[in-house]
Each structure stands twice: as structure tokens, then as C-alpha cells.
J.: 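First, the structure itself, so that you have it in front of you.
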Amino acid sequence: MNEPADSPNPDSPSTGSAGGSGTDFIREKIAADVADGPYGGRVQTRFPPEPNGFLHIGHAKAIALNFGIAEEFDGTCVLRFDDTNPDTEDSRFVDAIQDDIAWLGYRPSTIAYASDYFGRLHDWAVQLIEAGLAYVDDQDAETISANRGGFTEPGVDSPWRDRTVDENLDLFARMRAGEFAEGEKVLRARIDMNHDNMAMRDPVMYRIRHSHHFRTGDDWKIYPTYDWAHGQSDAIEGTTHSLCTLEFDTHRPLYEWFHEQLGLAEDRPRQTEFARLNLTHTVMSKRKLAQLVSDGLVDGWDDPRMPTLRGLRRRGYPPEAIRAFAAHIGVARVNGTHEIELLESFVRTHHNTHALRRMAVLDPLEVVITNWPEGLADTRQAVNNPEDDTAGTRDVPFGGRLFIERADFMVDPPKKFYRLAPGREVRLRAGYFITCTDVETDDDGEIVRLLCSYDPETAGGQAPDGRKVKATIHWVSAAHAVDGTVVLYDRLFTDSHPGADGTDPLASLNPSSREIRTGCKLEPALADTPPGEVVQFERLGYFAHDLDEPLRFHRTVGLRDEWANIQKRRDL
RNA sequence: UGGCCCGUAGUUCAAUCGGCAGAACGCCGGCCUUUGGAGCCGGAUGUUGCAGGUUCGAUCCCUGCCGGGCCAGCCA
């Protein structure tokens, strides 16, 4: 009972999609294949990242889909690194990707590499050559591109298209042996240069690369392309359902062509495409993300403003919330953009039930309790989490000099402003009722100090005479406050759809996406917060303690703020 | 310009193989409150892209149009 609303529920596939029906087109298809498909009830998926960058929230959707389906159908999911391009790939990304997947809470059935299959792929290529279905082309990249034709123009057959099998075999062997320079020759599938689908116009299967591969070293001088490696790797591993994003839709006929020509059995993998994830106010393109990092617009791949898993982790996004979000949005074949607010609501939902409450004043205003007994030491007891009885309570020191949030006081409050004002009484959270009796200002009219009286009878927050106050505000005892740094984050891009109008997405980069506040007043208990832990600063939001720097907190997400909404409406 | 995919509340998705168009987030109103949070109650979201056709009946099937996405790397 009392199960958190955002906890993943592996028993119920219905958590896997939005709306009422409880399933999506992919799960429906898989269920049908399990019932009477060629796989004998077996389900195997795979997540095939290229180890050339860090994972982002978009990958999390694919991860949740593939691993989630494997769990739901009692199947398996392989983590396969698509390491077919030695020029861009690196083992440090392999480690980071594995780390991120583990953080999300998934465990691959097996970890594999496309490079494990280079030998097998080579032998299959020879088989296609022998069948007259592949040939070595001497044209250079530019010529191949030009001769591929256009959407309305048929392609032109390569002059090398009709080489004999023996010549192709010989040339291919010499490509492999490293006898040719990069770009001098490629192996192409022999399909149809007049096909409507450009992917079928004799696609390249192998190119020559003399680079060092991070796993196979210098063993190979030829490397398979995605189109050649991917489907065959799926088949070798026994994938039943190969789920990929929409842009591979036009490659599906080729995926199937290779399997058919190789004579693979009926239980061969089938590819199904789904829409990749887009989020408002951010970008998901690896290239743009890399540019943010290289141009110094963010601090690195793990900057808390980045949509990378590492960034979200530092920001304080819990993996449970990311999984719940992924399950909620489900999958479809329509390309769209989800509102970042939806993700944030899942983050709040999780932290609301898990995060300890603490008090912190970000913009301090001094309050002197004029009737506080000289030298009296007092300690209040505060609830750690009203949503979780087992979280207990903590002691919070109180005193005659306090800090409250500057925004919690107004000399001349407008309607619906319920907080402190001259002559008005409010409750200090877990403390006493105080009434503002006087305001001290400096020569510029700036408020420097509030004088207040407190009612000793209201210890704990209730008045014996039953009188009510409209607001409860947070505070920190000045004598006990710990100074800290709080980093506030806003949208990385001001535009909800950066670059959608054809301009550079970076043009709408938010110049104030980060605000660093030093000299914040924190209650003493915050000094004991473990690195990385997320707490709630009462009335402000959720904040993640920095992994390295003590007493530095990153705002994960704010609480929903009704007063801010009222103000916004007034301004409009 | 050719091929393929796709058009349902603001957004993202549903609608049990043709039967009264729903959910979540957001929004609006109210209640409650020792977080103006959370929670609770209620409400509006709409010519299902457009126009025809088939049918007793179309979001669903057919045709055309319009709009969006993807495809002419030896990237994935």
C-alpha cells in the first residue's frame, strides 16, 4: 500500500502508455508475435548506442522502451555498442553509457559489440559476393553520390557493377588486407540503381579505414556501414524485435533485403520504428549538445542544464521520475515535442514523497524579535517529511535574530499577498507567530531590518486562543545559520522549440539560464546532507547537494508557485 | 520535385479492428492547509487538417487536396 505514484510497475504493461487503452502499437505487435509469431513466444530487444557521445533523455526513452518491453514480456535485452566507425568512437563512452544505464535502473541481459561480429559479417559479405549480390566499386565518394541520382532522377550503374565474382572476391580480400588507401574502393550491395527508395540504390556495405579501432585495434582495414552491420548483428544475437527511431523507416526494406538474401530463417528480427523524444526548451541533437560544450556555453556534458543523463543526475532528477515519464509518454509514430513541464511534474511527484524538508533563505532579510528574552536559547522541532512518517523530525535552533526571505515581506502589500507586512501576523514554520511592528530603512529607503514581536504562546505554531494566520513562512536563525551557495537554473533555451523556424537553435539560448547566489542562509542540518542528495527547501523547491562542493545546492525544480502565477497575470 | 511515414483539446497520446471523442500535464474556479507546496472537488478544452465517397452510422474504410516529418554520407 501507499505505493508512490511514480514507481514503475513491471506487473502492469498498462503503465507503458498514455491514455486509457493501456498499450501501444509496438506492444500490441509484440503481444501478437508472442501469441502466434515465428519466435515461439520469445522476446528479445536491444539497445544499440554508438559509443561516440553521452546518453541524453531521448536515449532514456529508447532504453525504457527496450528494457521495459523485455521485462514485461519476460524476455531479454542486449546492450550492443554499435562500434563500426573507428574514427569517432572511444571506450570512455562505453563506460559512461553503461554507467548511465545502470543509474536508470536497468541491467542488460548481455553486453555486446558490433565489432564482435566483424568476422561473421565479412564471411556473409563474401557469401553475397559469390551470389552476385555485392561488388567492389572503384568510384570515389563524390562520383558514387552523383551517380546515385535524385528523388526524381534514376541512378546510374557503376562501371564496376558487373565485375566477375572472382575479381570481386580478389579485390575484397585485398581491401581487407590493407592494399588500398581510404576511399579508393568500397563494397556495395547490388540491388537496383533505379529504386524509388534511395537506400536501395546499391548501398555501401564496407569502406576502407586505416584508423585504430578501440577494440579490434589494427586487425581490420575495412569497416561495415550501419546498414550492413545492424540487421546482421540483430540476427546474430537473436533479436526478435528491433526497435529504432523513425528516420530508419526507409532503411527497413534494406534491413529485410539483407536477411532474405542471406537466407535467414523465419524467426529473423523485424524492425519497428517509433518517434524519437523531443522536449521543449532544449535540444537533443548530439551535434548541438557538443557545440554547447565546446563553445563553453555550459560547463560540460554533465552541466545541470544539459538534457544528458549525467546532467540531469547532477541536477537532481531521480531515475524513477525519468522512467515514469518515459512510461507515461509511451510510443507513437508521430514526431512531436513533449513539454518539459511534464517531465518536471514527475520529478516533483517523486521528490515530494522522498525528499527531506529543510529551510534555506536565498535572499536574506534580517528580523529582530524585540521581545525575545535576552540570551534565551531555543530549539524547535520540525517534521522532516510530512509525506513520510518514518522520516522523523529534526531540531532547528531558534533565536532573537532571524533571516527571512526578502520576498516574504511587503511594506504595502497588494490583495492576495498573505505574507508579512507592517502590523500583520504570520507563522514561522515550526516556530512561533510573529507580528511586524516596525521597518528600518537606510538612507536610500532600502529595507535593512524588520522589527517584530513574537507570541510565546504560539510555540509549535498554534495559538491557544484559536486565532489564525494567513501565511506560514520559512526562516533561519541568524546565530546558527550556515552560509551556502545556491545555483538557480532556468530553461536553457527561451524558445520552446529552438531552431524550429530554421534558425540556429543557439540563437535562443537563455543568457540567464543560471544564477549563482552566494551568501544564502541555510539551517544547520543542511551541512549534514550527503553529496548528491536532494532535499526540499520549504516553499522554494527541490535542491540537489553538489557532488563535490559542500554547501553548494543546485535547484532541481521549483515548487508550483501560485503567487508567481498571480503576479504574472497581473503583469499581463 | 519522387518515395515512405504522419495529421484527434494548448501539448503529448487514447478511443476495445465502423457505434455518445477521453487521459495526463498545463489552464480556470472552489475547498483545505503548520510549505500560497502537497492533497481534494469541479470546469472548459475540440468543426477529429480540408473536401468528397461508401455506410443506418466514419476519428476509424476509399479517393483527392492541404500541412508536417524522413530519405540523394564511404555517419548512425
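Heavy-atom basis, side chains included; hydrogens, waters and symmetry copies ignored. Every chain is numbered from 1, with letters handed out A, B, ... down the list of sequences.
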J.: Using purine N1 to pyrimidine N3 plus N6-O4 or O6-N4 for Watson-Crick, or N1-O2 and O6-N3 for G-U wobble, both under 3.5 Å, which nucleotide pairs with B/G67?
T.: B/C6
J.: Tell me which nucleotide among B/A72, B/C75, B/G7 gets nearest to the side chain of A/Met198.
T.: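 Out of B/A72, B/C75, B/G7, the nucleotide with an atom closest to A/Met198's side chain is B/A72.
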J.: Is there a donor and acceptor pair, one atom on the side chain of A/Gln536 and one on the base of B/G37, closer than 3.5 Å?
T.: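 No.
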J.: Any side-chain N or O of A/Thr84 less than 4.0 Å from the OP1 or OP2 oxygen of B/A76?
T.: yes
J.: What class does the angle between the rings of A/Tyr223 and A/His213 fall in, given that below 30° is parallel, 30 to 60° is tilted and above 60° is perpendicular?
T.: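 Rings of A/Tyr223 and A/His213: parallel, under 30°.
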J.: Return the stacking result for B/G3 and A/Phe151: yes when the ring centres lie under 5.5 Å apart and the planes under 30°, no otherwise.
T.: no
J.: Quick check on B/G36: is either OP1 or OP2 less than 4.0 Å from any side-chain nitrogen or oxygen of A/Arg539?
T.: yes
J.: Both distances below 3.5 Å, Watson-Crick or wobble geometry, any strand: find the nucleotide opposite B/C40.
T.: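 The base-pairing partner of B/C40, which may sit in any strand shown, is B/G30.
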J.: Out of the candidates A/Phe81, A/Phe118, A/Tyr113, only one should pair with A/Arg215 under the side chain to side chain contact (heavy atoms under 4.5 Å, CB included) rule; please name it.
T.: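 Looking at A/Phe81, A/Phe118, A/Tyr113, the match for A/Arg215 under the side chain to side chain contact (heavy atoms under 4.5 Å, CB included) is A/Tyr113.
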J.: How is A/Val186 classified with respect to the nucleic acid when contacts are heavy atoms under 4.0 Å: base, sugar-phosphate, or nothing?
T.: base
J.: Return the pairing partner of B/U12 with a 3.5 Å limit on both distances, Watson-Crick or G-U wobble; otherwise return none.
T.: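 With both distances under 3.5 Å, B/U12 matches B/A23.
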J.: Does A/Arg276 have more than 12 heavy atoms from other residues, nucleotides or ligands lying within 6.0 Å of its CZ?
T.: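 Incorrect, the count does not exceed 12.
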J.: Do any side-chain nitrogens or oxygens of A/Arg276 fall under 4.0 Å of OP1 or OP2 in B/A76?
T.: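 No, because none of the side-chain N or O atoms of A/Arg276 sits under 4.0 Å from OP1 or OP2 of B/A76.
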J.: Which nucleotide sits closest to the side chain of A/Glu387: B/G2, B/A14, B/A38?
T.: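 For A/Glu387, the side-chain atoms sit closest to B/A38.
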J.: For B/G73, does OP1 or OP2 lie under 4.0 Å from any side-chain N or O of A/Ser145?
T.: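 Looking at the OP1 and OP2 atoms of B/G73, one of them is under 4.0 Å from a side-chain N or O of A/Ser145.
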J.: Take atom P in B/U16 and the same atom in B/A23, then report the distance between them in whole Å.
T.: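 That atom pair is separated by 16 Å.
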J.: Mind checking if A/Glu182 touches a base, just sugar-phosphate, or nothing, with heavy atoms under 4.0 Å?
T.: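 Nothing, no nucleic acid heavy atom in range.
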J.: Would you indicate which nucleotide in B/C25, B/C71, B/C75 comes nearest to any side-chain atom of A/Glu339?
T.: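 Of B/C25, B/C71, B/C75, B/C25 is nearest to the side chain of A/Glu339.
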J.: Looking at B/G3, B/C5, B/A76, which one has an atom nearest to any side-chain atom of A/Asp249?
T.: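 Taking heavy atoms from C-beta onward, the closest nucleotide is B/C5.
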J.: On the nucleotide B/C74, are OP1 or OP2 found under 4.0 Å from the side-chain N or O atoms that A/Arg148 carries?
T.: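 For B/C74, OP1 or OP2 has a side-chain N or O of A/Arg148 closer than 4.0 Å.
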J.: Can you tell me which nucleotide in B/G69, B/G37, B/C74 comes closest to the side chain of A/Asn335?
T.: B/G69
J.: May I ask you to verify if any side-chain N or O of A/Arg560 is less than 4.0 angstrom from the OP1 or OP2 atom of B/G37?
T.: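 For B/G37, OP1/OP2 do not have a side-chain N/O of A/Arg560 under 4.0 Å.
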J.: Quick check on B/G73: syn or anti? Syn means the glycosidic torsion is within 90 degrees of zero.
T.: syn
